[in-house]
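Input: a single structure, listed below in structure tokens.
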Number of protein chains: 2
Amino acid sequence: MSEAIRILVADDHNVVRQGLVALIKTVPDMTVVAEAADGAQAVELFRQHRPDVTIMDLRLPGMSGVDAITHIRRDFPSARILVLTTFDGDENIFRALQAGARGYLLKDMFGDELMEAIRSVHAGKTRIPAPIAQRLAERMGGPSLTNRELDVLKLIVAGKSNKDIGAELAISEATVKTHINSILSKLGVSDRTQAATTALQRGIVELPQ
Amino acid sequence: MSEAIRILVADDHNVVRQGLVALIKTVPDMTVVAEAADGAQAVELFRQHRPDVTIMDLRLPGMSGVDAITHIRRDFPSARILVLTTFDGDENIFRALQAGARGYLLKDMFGDELMEAIRSVHAGKTRIPAPIAQRLAERMGGPSLTNRELDVLKLIVAGKSNKDIGAELAISEATVKTHINSILSKLGVSDRTQAATTALQRGIVELPQ
DNA sequence: AAGGAAGTCAACCTTTCGGCCGAGGCGAAA
DNA sequence: TTTCGCCTCGGCCGAAAGGTTGACTTCCTT
């Protein structure tokens, strides 16, 4: 029999992470070599331990999960990272895979499915459940927002008026309206409130706190 | 030594719930007697097993965690329920404690803190961390929305226009505007988009899916 | 060099929204 | 019974938002 799969677990919810570790401990051929509670720690601990597989939540304080994946994969292109999160917004899925994640799992899956996914990723395969792949496909077709449009969208979600947005971004209100027009048509909605809620649903922006 | 504390765990995220169970298994004087993946199941399993302490997430499919708590406490007023969730919106905290929860913990707490909280609740005490109590106090001061205002607020979050809301609730657009006026002043915001985002932040309404 | 995407701004117009007023009905509580 | 909160509706008004079209600049890619 080969050696145990060495695992790094990154999740900011301590009790969840500890539970995950306890669950993995029940499997003979897997070992948790380190636990991270935020993104920076995940990067540092990966560097120290070079785990075979990294299980990473996307919502991490400080450096986000996506940023952590990017950093790790930049230094260690062969890193095998498995995203385990509750968010299934297409934007989150896209960014995580874009950053180099090898799998994207939701936390409603069962423990044995997780173990199977860990083995798959360890073996060099990718692991993306059909419903997740479906959402990814949907996002592929649609247009993507420009950086400036994202700036405006964030301020819309923050509840700012067009005038406020213009002041904050140092552009005229006319320009703000132009961007909002693009945003509405790209998101397929007809007003700013719909833009805000669908952006939150799709994981394009996050709600503060 | 007294008998082990008998625990029911209700959480729809299977891998998280199983992890939690694995974590509790490492403690000698606690036993998980049942696991529920949704609210109705939690109620049914409580009835069957009468656990000493119930650990419940608030976001459950079908019957919500709050509804499950209400049902359980109606039939078993002495039930000791500990909410373990990620949401710290004041409205969620309020509703859970209103429904009869004895404690409200966030998932970023550590395993040993959870065990201590379980013992506290089992001993008949309540367990509400200071930051949580703080949020609860904030909500206490403010005015609360009426049922009708909640109806309107949900449709605002759904991205409906005043005209659509009127049609859906079978009231005139003028009435809708009256309700929205109340909502804006009660939430302390100045437009519908802010109303939507702050309602989501505070846990007054949920984002579909 | 030419093309396209992105960002900027302006003018115009219609619709919607939000603020502010008043008012009636209805049911529960004092 | 009277009072109060909730729900209902109307009108008026100004402000904000959204639709449309066109134009100019920069930068990147072809």
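We use all heavy atoms of the structure for the numbers below, so side chains are in, but hydrogens, waters and symmetry mates are not. Chain identifiers are assigned alphabetically (A, B, ...) following the order of the sequence lines, protein sequences preceding nucleic acid strands; residue numbering begins at 1 within each chain.
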Flag, side chain of Q194(A) to backbone of S190(A), donor-acceptor distance under 3.5 Å | yes

Between T178(B) and T175(B), do the side chains contain an N or O donor and an N or O acceptor separated by less than 3.5 Å?
-> no

Please figure out whether L184(A) or K163(A) has its closest DNA chain D nucleotide nearer the 5' end.
-> K163(A)

Ignoring backbone atoms, establish whether H179(B) has a side-chain N or O less than 4.0 Å from OP1 or OP2 of dC6(D).
-> no

Would you say I180(B) and N162(B) make side-chain contact, with heavy atoms under 4.5 Å?
-> yes

Neighbours of DNA chain C within residues 190-198 of chain B, by heavy-atom distance under 4.0 Å | S190(B), D191(B), R192(B)

The bend of the helix from dA1(C)-dT30(D) to dA30(C)-dT1(D), taken between the axes of its five terminal pairs at each end and rounded to 10°, is 40°

Measure the shortest side-chain to side-chain distance between S161(A) and D191(B) over non-hydrogen atoms and say whether it is less than 4.5 angstrom.
-> no

For the side-chain contact (heavy atoms from CB on, under 4.5 Å) test, which of I81(B), I24(B), V21(B) pairs with I55(B)?
-> I24(B)

Flag side-chain contact, heavy atom, 4.5 Å: R59(A) against T85(A) = no

More than 12 non-hydrogen atoms from neighbouring residues, nucleotides or ligands closer than 6.0 Å to NE2 on H71(A), yes or no?
-> no

For atom CD1 of I180(A) and atom C1' of dA16(D), their distance in whole Å = 11 Å

Is the number of heavy atoms from other residues, nucleotides or ligands within 6.0 Å of CG (D75(B)) greater than 12?
-> yes

Is the shortest side-chain N/O distance from N162(A) to OP1 or OP2 of dA17(D) below 4.0 Å?
-> yes

List every contact pair, protein side and nucleotides 9-12 of chain C side both N or O, where the distance is under 3.5 Å.
| residue | atom | partner | partner atom | Å |
| --- | --- | --- | --- | --- |
| dC9(C) | OP2 | S172(A) | N | 2.6 |
| dC9(C) | OP2 | T175(A) | OG1 | 3.0 |
| dC9(C) | O5' | T175(A) | OG1 | 3.4 |
| dC9(C) | N4 | T178(A) | OG1 | 3.0 |

Side-chain contact, heavy-atom cut-off 4.5 Å: E149(B) with K186(B)?
-> yes

Within the pair N181(B) and dG19(C), is there a side-chain N or O less than 4.0 Å away from OP1 or OP2?
-> yes

Side chains of R139(A) and S144(A): does their closest heavy-atom pair fall under 4.5 Å?
-> yes

